[in-house]
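Starting off with a structure, shown below.
Note that these values count all heavy atoms, side chains included, but never hydrogens, waters or copies made by symmetry. To find a chain, count down the sequence lines: A is the first, B the second, and so on, and within it residues start at 1.
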Protein chains: 2
Amino acid sequence: MSPRKSVAESRSTRQRILDLGLATASAEGLEGLTIGRLAAELGMSKAGVIGHFGTKESLQLAVVEAAAELFVREVPEHARGVPRGLPYLRAACEAWISFLERELLPGGCFFTAAAAEFDGRDGPVRDAVVRMSAFWQRELRVNIWRAVSLDELPADTDIDQLLYEIVAIMLALNHFLQLHGDRQAPARARRALERLLCRRVSEFPGRSTARGTTPGTPAPAE
Amino acid sequence: MSPRKSVAESRSTRQRILDLGLATASAEGLEGLTIGRLAAELGMSKAGVIGHFGTKESLQLAVVEAAAELFVREVPEHARGVPRGLPYLRAACEAWISFLERELLPGGCFFTAAAAEFDGRDGPVRDAVVRMSAFWQRELRVNIWRAVSLDELPADTDIDQLLYEIVAIMLALNHFLQLHGDRQAPARARRALERLLCRRVSEFPGRSTARGTTPGTPAPAE
DNA sequence: CACTATGGCGACCGATCGTTCGTAATCTAT
DNA sequence: ATAGATTACGAACGATCGGTCGCCATAGTG
């Protein structure tokens with residue numbers, strides 16, 4: 001037990017940086033994340049912080065990766081073992097709602113914020129955010145498709161339309177929670193989802209999707 | 001016709017700053033808006049730019065105001081004369097979708113981006129964004145209420161729930177357009193809205209709102 | 001023991017941030 | 001014509017940005 005913190009804590013230090021960085025970035029944005037502030041709040045020097053990553057962009061990418069790990073740990077893992085298709089959809093969405101409800105990150109969903117922040121830029125950070133967003137939507141999409149083919153959802157379900165509406169509900173949950181502090185928002189999200197995912201008779205008459213999406217290849221809409 | 005630009009163009013100059021500032025802020029964020037960049041792209045000095053506003057925060061507030069004017073000009077004004085209630089709801093939402101579809105701003109909806117950027121901060125800029133968001137939602141809410149009382153929507157409609165879902169569709173439209181460049185997103189938004197606003201038989205069975213919203217006072221959910 | 005690798009620090013760099021100041025040029029009003 | 005506002009400029013301010021450098025302390029390895 002050394003009086004000063006051991007050097008062997010390096011892994012721990014890196015993780016501490018990422019933990020604080022993720023929390024900060026979720027609230028202030030990835031660009032608002034500053035080496036100096038990070039160092040000050042961690043009680044260390046700027047050089048000590050940046051030394052672990054080399055570049056601010058690398059740090060941002062590491063934060064995105066940390067956010068992805070947290071997301072995977074909180075959402076898909078919580079639905080582990082749930083049968084694919086409609087039950088999985090319900091479980092995953094509920095896990096995401098619960099994740100936001102518990103306020104694990106001060107700024108709400110990191111990827112929702114990062115998507116809005118980087119949607120008008122270029123570069124590897126934007127690519128990483130888009131990749132994660134696409135991954136999650138692919139996950140939803142393939143399970144919607146499965147639910148349809150298992151007859152858990154109506155056969156005439158427009159997969160991409162349903163995907164759009166599910167994502168919409170999630171974006172709105174983050175919006176109402178973060179901007180307006182609306183504590184009833186999770187209940188509204190659950191209700192809206194329930195209405196989308198209950199086996200309803202049909203959509204409204206008329207209007208089918210322009211081009212039917214090939215059910216065999218539920219690729220991300222990118 | 002003076003060879004150099006006349007000083008009397010000051011109003012025009014201020015407007016030019018705001019126009020460029022609004023376009024930039026919609027894509028890069030209000031915080032990414034920089035006096036120096038703004039000055040360089042306008043071919044003038046930093047002092048010349050900031051002189052019109054005094055402070056960066058004042059400039060940000062002026063940009064928010066300019067965004068609000070653009071929004072009002074594009075959305076509520078486009079629904080002028082349309083009967084309150086369901087027709088107004090349809091017209092206003094369509095105006096908003098069309099506004100995004102025409103890409104008047106390079107970064108999509110300014111307020112959607114600003115809401116995500118400032119939802120974790122304090123200060124007058126955040127307040128201004130929240131105020132505008134609340135105004136728009138109040139506008140929607142009062143017309144939902146009107147539509148219900150005119151029997152254009154089912155009597156058991158949960159007003160705040162419907163408001164939540166409408167806002168969700170709009171947030172998602174901006175998301176899919178900006179992050180994924182999904183050109184089918186406007187069609188999906190229209191379809192989702194149409195399904196929400198068509199006089200459907202009922203919600204799904206069970207589950208009514210915890211506390212019935214007093215129909216006489218459609219206050220914003222803040 | 002010596003040697004190397006690593007983590008972290010302090011000092012410092014050029015660039016840019018927002019902001020202030022004094023001043024030249026132009027418009028408006030007397 | 002003269003006086004006072006505007007309007008914009010150039011220069012400079014301190015602060016902070018991301019990033020580099022050399023140094024030192026410790027841990028692991030022989």
Worksheet item: Could you give the CD-to-C1' distance, from A:E31 to D:dT16, as a whole number of Å?
Response: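 Answer to the nearest Å: 15 Å.
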
Worksheet item: D:dG19, D:dG18, C:dT19: which one has an atom nearest the side-chain heavy atoms of A:T55?
Response: D:dG19

Response to the item:
Closest heavy-atom pair, B:A79 versus B:Y88, reported as atoms and distance to 0.1 Å, is CB-CE1, 3.6 Å

Practice prompt. Calculate the interatomic distance between A:Q15 atom CD and C:dG7 atom C1'; express it in whole Å.
Written response: 16 Å

Worksheet item: What integer distance in Å separates B:L38:CG from C:dT19:P?
Response: 13 Å

Discussion item. Whole angstroms only, please: what is the CE-P distance between A:M44 and C:dG7?
Written reply: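 Distance, rounded to whole Å: 11 Å.
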
Practice prompt. Using only side-chain N and O atoms of A:T13, determine if any of them is under 4.0 Å from OP1 or OP2 of C:dG8.
Written response: yes

Item to complete: Look at all strands and tell whether A:I35 reaches a base, only sugar-phosphate, or nothing, counting heavy atoms closer than 4.0 Å.
Response: sugar-phosphate

Fill in: Length of the CZ-C1' vector between A:R16 and C:dG8, whole Å
12 Å

Worksheet item: Within the structure shown, what part of the strands sits under 4.0 Å from A:L33 by heavy-atom distance: base, sugar-phosphate, or nothing?
Response: sugar-phosphate

Practice prompt. Among C:dG18, C:dA11, D:dG18, find the nucleotide with the atom closest to the side chain of A:A47.
Written response: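 The listed nucleotide nearest to A:A47's side chain is C:dA11.
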
Worksheet item: Salt-bridged, B:R190 to B:E94, with N to O below 4.0 Å?
Response: yes

Item to complete: Please determine, for the side chain of B:H52, which listed nucleotide (C:dC17, D:dA8, C:dG7) has the closest atom?
Response: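 Selected nucleotide: D:dA8.
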
Worksheet item: Is the gap between the ring centers of B:W136 and B:F111 under 6.0 Å?
Response: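 Ring-ring flag for B:W136/B:F111: false, centres at least 6.0 Å apart.
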
Worksheet entry | Of the listed nucleotides D:dG10, D:dT20, C:dC9, the one nearest the side chain of A:I50 | D:dT20

Discussion item. Quick check on C:dG8: is either OP1 or OP2 less than 4.0 Å from any side-chain nitrogen or oxygen of A:S45?
Written reply: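 Checking C:dG8 against A:S45, no side-chain N or O comes under 4.0 Å of OP1 or OP2.
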
Practice prompt. Mind calculating the distance between CD (B:Q60) and P (C:dC17) to the nearest angstrom?
Written response: 14 Å

Discussion item. Applying the side-chain contact (heavy atoms from CB on, under 4.5 Å) criterion to B:F118, which one of B:L30, B:V130, B:D127 satisfies it?
Written reply: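 Only one option passes, and that is B:L30.
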
Worksheet item: Taking all atoms of both residues into account, what is the closest heavy-atom pair of A:P186 and A:L173, and its distance?
Response: N-CD1, 3.5 Å

Item to complete: Would you kindly give the NZ-to-C1' distance between A:K56 and D:dC17, to the nearest whole Å?
Response: 8 Å

Fill in: Rounded interatomic separation in angstrom, taking CG from B:L42 and C1' from D:dC9
15 Å

